[in-house]
Every structure is written in C-alpha cells, then in structure tokens.
*Asks:* 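Take this structure first; my questions come after.
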Amino acid sequence: MSAISEIRVLIADDHPIFRKGLRSTIEADSRLKVVAEAEDGDAALQQIEAFNPEVVVLDMEMPNKDGFEVMRTIAKRKLSVAVIFLTMYKDERFFNAALDLGVMGYVLKDSAVNDIVVSIKAVAAGQNFISPQLSTYLLSRRARAASLIEQKPSLKNLTPAERQVLRLISANRTNKEIANELYISIRTVEKHRANVCEKLELHGSHALLSFALEHKSELS
C-alpha cells in the first residue's frame, strides 16, 4: 500500500472490553483512526465494505464467521484491505494457515497492547508483522521453504507467472478461479500448469495438486 497520512482501522472482536482497550491504544497514536467496530465475522465483512478501512484487526475466533472464514471472503471478494489476526494461541498450524491465506499481521492478544500500533503501521505500509514471540515459527517456515528448494531445485526455474499459478493451486483454486484472479485465459492457466509439471517432473492427473497442497506453506 502507498504511504497515507491517516490509517483507517476496523476492529473485529467479540469481547467489548477488549475492543475498548484496543481502541484506546490505537487511537492514542494521532495517525490511526478507528472507523468502526464489529463483534462477529458477518458484521466485520459488512463494516469493511461500508467503511473501506486500510487495516482490519481481526480476532481469529468470533461468532458467525471466524477470522479464517472472514479472510477467505475478503480474498474472494477482492477487498483491498490489510488484515492483522489477533489470537490467544501460540500454535504453528494456525500461524501457517493465516499466512497462507494472505494475512499480513499476526499478533498475540497478550502482547497486543505493545504490538498493535506498530503492526498496523507495518501492514498499512505493505509489510508483514509477526509478534516477536512467534519469530521461531517464521524461521521454521523459511527453513522448510529452503529445504524444498534443495529437494526440488527446478523450482528456481519457474517463471513468476508459473510460481503464482502454483501458489493458487496450493490454495485449491480451480483453473477458472485462477484465470479470473490473474486476468488471464483458462487456456493460459492450463499452459502454466503443464510447464510447472514438466519442470518439476510431476506425472499423473493429480500429481501437481498433491504437490501443491503438501507444500502449501513453503510455496506461499
């Protein structure tokens, strides 16, 4: 995202006391403005479309739609907003699942008071932010990606377009969905898929999908 003088923020969390404290912390910074609050996933999506914030601070666990469902809907509707997940859990599976969906910030609730302002500014500027306590998860993710390159050095031979298609396949997107997202024809998607299979020496009708799903976190 380009630099902006005021960062508009939406808070989505089902605990009003926590929202109030978070809002107070955020608005103590003159560059940040909370434009709306939501107490569940459905309300969060409605508020995003109504207020068009630059950043959404999204609780991972909420009624109606949880953070993951909201994030998938944001991606499907192609809403231009940076998302920060709030979570109580130090769980690498949730961490990787969030990053795979395109979440740009991942903040632990017990450190939110210290991390939330800097995380909002970071994601609004197009950067990722991870609570320092979870840095080992990020290192682990990078190590696995490096290991995959060692196992499949031909990954380096993929073009940017082919890598993008491979990442979308790992998100279980259909050829039609990939074509719509990348503004290319289905035939072009099929050509990219064929090239990836050839370069990675993947044979069989489901080999590419199996490879992409197995290595989803490393390909993101």
*Asks:* Apply side chain to side chain contact (heavy atoms under 4.5 Å, CB included) to the pair V9 and V56, showing each step before the final yes or no.
*Replies:* CA-CA 6 Å; V9 182; V56 174; over 6 Å; no
*Asks:* Are the side chains of L10 and I48 in touch, meaning some heavy atoms are under 4.5 Å apart?
*Replies:* yes
*Asks:* With under 30° as parallel and over 60° as perpendicular, where do the rings of Y106 and F95 fit, or are they tilted in between?
*Replies:* perpendicular
*Asks:* Hey, are the side chains of T87 and V107 touching, using non-hydrogen atoms and a 4.5 Å cut-off?
*Replies:* no
*Asks:* For a quick test of reading the model, state the closest non-hydrogen atom pair linking F129 to V123 and the distance between them.
*Replies:* N-CG1, 4.5 Å
*Asks:* Which atom names give the shortest non-hydrogen contact between A82 and M104, and what distance separates them?
*Replies:* CB-SD, 3.9 Å
*Asks:* Would you say the side chain of L158 lies within less than 4.5 Å of the side chain of V196, judging by non-hydrogen atoms?
*Replies:* yes
*Asks:* Identify the heavy atoms of L213 and I169 that sit nearest to each other, and give their distance.
*Replies:* CD2-O, 4.3 Å
*Asks:* Walk me through whether V35 and Q47 qualify under side chain to side chain contact (heavy atoms under 4.5 Å, CB included).
*Replies:* CA-CA 9 Å; V35 294; Q47 301 283 43; over 6 Å; no
*Asks:* Any side-chain heavy atom of I120 sitting closer than 4.5 Å to one from R31?
*Replies:* no
*Asks:* Checking K109 against F85: charged group under 6.0 Å from the ring centre and within 45 degrees of the axis?
*Replies:* no
*Asks:* Can a donor-acceptor pair be found, under 3.5 Å and without considering hydrogens, that links the side chain of S111 to the backbone of N114?
*Replies:* no
*Asks:* Measure the spacing between CG of L45 and CD1 of I74 and express it to the nearest 0.5 Å.
*Replies:* 6.0 Å
*Asks:* With heavy-atom distances below 4.5 Å as the criterion, would you say the side chains of N175 and E190 are in contact?
*Replies:* yes
*Asks:* Identify the heavy atoms of D29 and V117 that sit nearest to each other, and give their distance.
*Replies:* OD2-CG1, 3.8 Å
*Asks:* Passes salt bridge (charged side-chain N to carboxylate O under 4.0 Å, His left out), E162 versus K199? Steps please.
*Replies:* CA-CA 10 Å; E162 289 164 356; K199 290 178 180 180; 2.8 Å; yes
*Asks:* Nearest 0.5 angstrom please: N172 CG to K216 NZ, how far?
*Replies:* 7.5 Å
*Asks:* Quick one: do E37 and K20 satisfy salt bridge (charged side-chain N to carboxylate O under 4.0 Å, His left out)? Show the steps, please.
*Replies:* CA-CA 10 Å; E37 297 181 21; K20 182 178 180 180; over 6 Å; no
*Asks:* Report yes if the side chains of K65 and T73 come closer than 4.5 Å at any heavy-atom pair, otherwise no.
*Replies:* yes
*Asks:* Say you draw a straight line from CG of L202 to CZ of R193; how long is it, rounded to the nearest 0.5 Å?
*Replies:* 11.0 Å
*Asks:* Within the 3.5 Å criterion, strictly below it, is a donor on S119 or D115 matched to an acceptor on the partner's side chain?
*Replies:* no
*Asks:* Distance from Q164 atom CD to L182 atom CG, nearest 0.5 Å?
*Replies:* 4.5 Å
*Asks:* Donor-acceptor check, side chain of T188 to backbone of I184, threshold 3.5 angstrom: yes or no?
*Replies:* no
*Asks:* Within the structure provided, determine whether V103 and M71 are in side-chain contact (heavy-atom separation under 4.5 Å).
*Replies:* yes
*Asks:* Can you tell me how far apart CG (N180) and NZ (K76) are? Round to the nearest 0.5 Å.
*Replies:* 11.5 Å
*Asks:* Is atom NZ of K121 surrounded by more than 12 heavy atoms (other residues, nucleotides or ligands) closer than 6.0 Å?
*Replies:* yes
*Asks:* Does the pair I26 and I11 meet the rule for a side chain to side chain contact (heavy atoms under 4.5 Å, CB included), with working shown?
*Replies:* CA-CA 10 Å; I26 292 169; I11 302 171; 3.9 Å; yes
*Asks:* List the steps and the verdict of side chain to side chain contact (heavy atoms under 4.5 Å, CB included) for E61 and D66.
*Replies:* CA-CA 5 Å; E61 285 193 308; D66 64 16; 5.7 Å; no
*Asks:* So, does K152 use its side chain to make a donor-acceptor pair with the main chain of L200 at under 3.5 Å?
*Replies:* yes
*Asks:* Return the set of residues passing side-chain hydrogen bond (donor to acceptor under 3.5 Å, both in side chains) with E69 (not counting sequence neighbours), or none when no residue passes.
*Replies:* none
*Asks:* Is any side-chain heavy atom of E39 less than 4.5 Å from a side-chain heavy atom of H15?
*Replies:* no
*Asks:* Taking all atoms of both residues into account, what is the closest heavy-atom pair of M62 and D59, and its distance?
*Replies:* CE-O, 3.5 Å
*Asks:* Going by an N to O cut-off under 4.0 Å, is there a salt bridge joining E27 and K33?
*Replies:* no
*Asks:* Kindly work out whether a path of hydrophobic side-chain contacts (I/L/V/M/F/W/Y, heavy atoms less than 4.5 Å apart) joins V57 to V118.
*Replies:* yes
*Asks:* Does any N or O in the side chain of R8 come within less than 3.5 Å of the main-chain N or O of F51, such that one atom is a donor and the other an acceptor?
*Replies:* yes
*Asks:* What are the two closest heavy atoms between S170 and A212, and how far apart are they?
*Replies:* CB-O, 3.3 Å
*Asks:* Rounded to the nearest 0.5 Å, what's the gap from CG on N195 to CG on N157? Could you check?
*Replies:* 11.5 Å
